Structures are given as C-alpha cells and as structure tokens.
Amino acid sequence: MFCWDGGQKRPKERAERPKEYEDTKPAVKEALEALLGTRNVRLAGLEADDVIATAAFASLADHVIVVSGDKDLLQLQGGNVSYYDIVSKGFVSTREILARFHIRKTSQVAIALAVQGDSSDKIPGIRGWGPKKVEALFEHIRSDMPFDKALDAIDAQIPDDKKSEFYDALELTLLNTNIKGVPGAEPLRFTDPKTVIRLGLDDCLPIYRRLLDKYR
C-alpha cells in the first residue's frame, strides 16, 4: 500500500508546493492502484509515518517491506519487517542501524533522534548534543532492556533543564502503531502489461517492466 500525509506533527517550514503537485496527485494515486493493485491510504490529521507503522504491525504477512527515506521508520526494522532506503537504494540491516545510532535495539532510534536531533526532518533534539552524546548515554543500556526501562535509564542521565527539549523531540520521533481504521500491509499485485496499455498508462510501461523483472 501507499501511505500519504494527512497532517503534520509539527510545522516543517518547507517551500510552498507548486499547484501542479496537488493537481497531479489524484492521477498518480490512480496510476499506482492500476499498476500495482494496491490501495492508497490517507487519514486526516495523521502523518504517513504513523499510518505506515500501524499497517506494518497490523499485517499478517510473513515479511513486510517498508520503503522510505525517513529515519523515523528505521525503528520498525526487525522481526518480519525490513526497511528499504530509497536514498541509498538498498535494504538497511539491523546491525547497521544499531551501529549508526549507537543503540541496542532498533526501537530506540526514536530516543537517539530525540537526543541528537535531525535537521533534515526538523527535529531539534537537545541543543548542543549529538551522536557522541547518544553513544555515551547508551553505554550502560543492556540489549535485553525493554523500551520503557531503557528510556528510564536515559532519562536519569539527562539534566532537568534539558528534559523538556528531549521529550518534545521524542513526541515527534515516536511512531503510533495502533491507529484505528488502518488496514494491514498487503502484497503488491502486478497488473498485466497489456492492461497497463489499455488504461492509457503507456508512459509508465518502461519503468513498470523493470519492476516486473526485479520483483515478480
């Protein structure tokens, strides 16, 4: 399925989108449904990240692939969920995520981002703190600690005058995995190329054929 933003947790201060962006979105959604036989999901007031997280956890599939370039969604990696990075064009391993953020479990990506921030996604983090500070905070966190216990241990190391910065950022980085009305992730169902032509999506055909060759 394809998930779309229906709202924002915070102002992103991005450049105004051109009118053509909204004008072409319905056509893009229709093409995606026609090509890949999957639904588009958008819930008013909710970011796509939370919809994706809920869909991934609600899925009964043996293997779910989350395709994104958003660091927040790295916390979903593990179990039957794999993360494919559209920027590097490859899967990101659990070992890579743990080493990159100096954490013990992928679910702790949210904590790491809340500490060090993420300028690309407008997450401020704790002013003046960065990856080295995250590494120091997690030095005594055990890999068998559940999320809430690890969070308590991190909290105990953060000075009182910096806690509000941390928790404000954590609210932005934690994913909601229990949104009502979100269906579980579904398999893609590739449409026959002849149908693609009949639907007038000829321009999509070269890219579509490459997808077929790679994933069908």
Side-chain angles (χ1 to χ4, degrees), residues 3 5-17 45-57 66-79 81-179:
C3 301
D5 281 334
Q8 298 293 328
K9 296 177 185 175
R10 57 201 176 277
K12 300 272 182 140
E13 300 176 3
R14 292 173 175 164
E16 185 177 354
R17 289 169 172 165
L46 294 172
E47 282 194 342
D49 286 1
D50 293 324
V51 177
I52 292 170
T54 299
F57 280 9
V66 172
V67 181
S68 179
D70 197 319
K71 297 183 188 72
D72 289 8
L73 291 169
L74 288 168
Q75 61 194 284
L76 299 177
Q77 165 79 17
V81 179
S82 297
Y83 181 95
Y84 183 92
D85 189 343
I86 59 174
V87 178
S88 63
K89 295 182 174 59
F91 285 97
V92 183
S93 70
T94 296
R95 180 179 296 180
E96 183 180 348
I97 295 171
L98 300 186
R100 176 179 176 184
F101 291 99
H102 308 291
I103 54 180
R104 304 294 179 254
K105 293 182 177 180
T106 54
S107 61
Q108 297 162 354
V109 166
I111 298 175
L113 289 174
V115 172
Q116 69 183 44
D118 179 16
S119 59
S120 65
D121 206 25
K122 308 298 182 185
I123 298 171
I126 299 175
R127 190 175 307 167
W129 289 22
K132 289 293 184 182
K133 193 65 176 180
V134 175
E135 185 175 6
L137 290 173
F138 273 89
E139 185 175 350
H140 300 295
I141 303 298
R142 301 191 314 274
S143 59
D144 63 343
M145 277 186 175
F147 183 88
D148 58 341
K149 295 296 184 182
L151 179 58
D152 288 344
I154 296 297
D155 173 274
Q157 302 177 71
I158 298 176
D160 289 342
D161 62 344
K162 295 185 180 295
K163 286 188 192 293
S164 62
E165 292 180 73
F166 171 68
Y167 283 104
D168 285 349
L170 186 63
E171 187 176 351
L172 302 178
T173 59
L174 280 175
L175 297 173
N176 185 347
T177 60
N178 192 29
I179 301 172

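The model shown is predicted, which means the values in this text are computed figures rather than measured ones.
- Remark: side-chain polar atoms of Glu135 are not paired, donor with acceptor, to backbone N or O of Pro131 under 3.5 angstrom.
- Put simply, the side chain of Ile111 reaches to within 4.5 Å of the side chain of Phe138, judged on heavy atoms.
- Judged by distance alone, with hydrogens and angles left aside, the side-chain atoms of Glu165 form no donor-acceptor pair with the main-chain N or O of Lys162 at under 3.5 Å.
- Nearest approach of Ile52 to Leu73, heavy atoms of both residues: CD1-CD1, 3.9 Å.
- In terms of modelled atom types and a separation under 3.5 Å, the side chain of Lys71 and the main chain of Thr173 share no donor-acceptor contact.
- For the pair Asp155/Tyr167, a side-chain contact is recorded, criterion being any heavy-atom separation below 4.5 Å from C-beta on.
- The heavy-atom pair separating Val66 from Ala56 by the smallest distance is CG2-CB, 4.3 Å.
- When all heavy atoms of Ala53 and Thr177 are compared, the pair lying nearest together is CB-CG2, 3.9 Å.
- At distances below 3.5 Å, not a single donor-acceptor pair connects side-chain atoms of Thr94 with backbone N or O atoms of Gln77.
- Between Lys163 atom NZ and Ile126 atom CD1 the span is 9.0 Å, to the nearest 0.5 Å.
- To the nearest 0.5 Å, atoms CG (Asp49) and CG (Asp5) are separated by 7.0 Å.
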Report task. In sequence, state the C-alpha distance, the side-chain angles, and the governing distance for Phe57 and Asn178, and then conclude on side-chain contact (heavy atoms from CB on, under 4.5 Å). Result -> CA-CA 8 Å; Phe57 280 9; Asn178 192 29; over 6 Å; no
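- For Asp152, there are no side chain to side chain contact (heavy atoms under 4.5 Å, CB included) partners, not counting sequence neighbours.
- In terms of modelled atom types and a separation under 3.5 Å, the side chain of Asp118 and the main chain of Leu113 share no donor-acceptor contact.
- The heavy-atom pair separating His140 from Met145 by the smallest distance is O-CE, 4.5 Å.
- For the pair His102 and Arg104, the tightest heavy-atom approach, listed with the atom from each and the gap, is O-NH1, 3.8 Å.
- Separation of atoms CD1 (Ile141) and CD (Gln157) is listed at 6.0 Å; rounding is to 0.5 Å.
- Glu47 contributes atom CD, which lies 8.0 Å from atom CG of Asp70 (distance to the nearest 0.5 angstrom).
- Exactly one of Ile97, Ile103, Ile154 qualifies for a side chain to side chain contact (heavy atoms under 4.5 Å, CB included) with Gln108. That residue is Ile103.
- A donor-acceptor pair is defined here as one N or O able to donate and one able to accept, closer than 3.5 Å; no such pair exists between the side chain of Gln75 and the backbone of Val109.
- Taking each heavy atom of Thr106 and Leu74 in turn, the nearest pair found is CB-O, 3.9 Å.
- Tyr83 contributes a side-chain N or O that, together with a main-chain N or O of Ser68, makes up a donor-acceptor pair within less than 3.5 Å.
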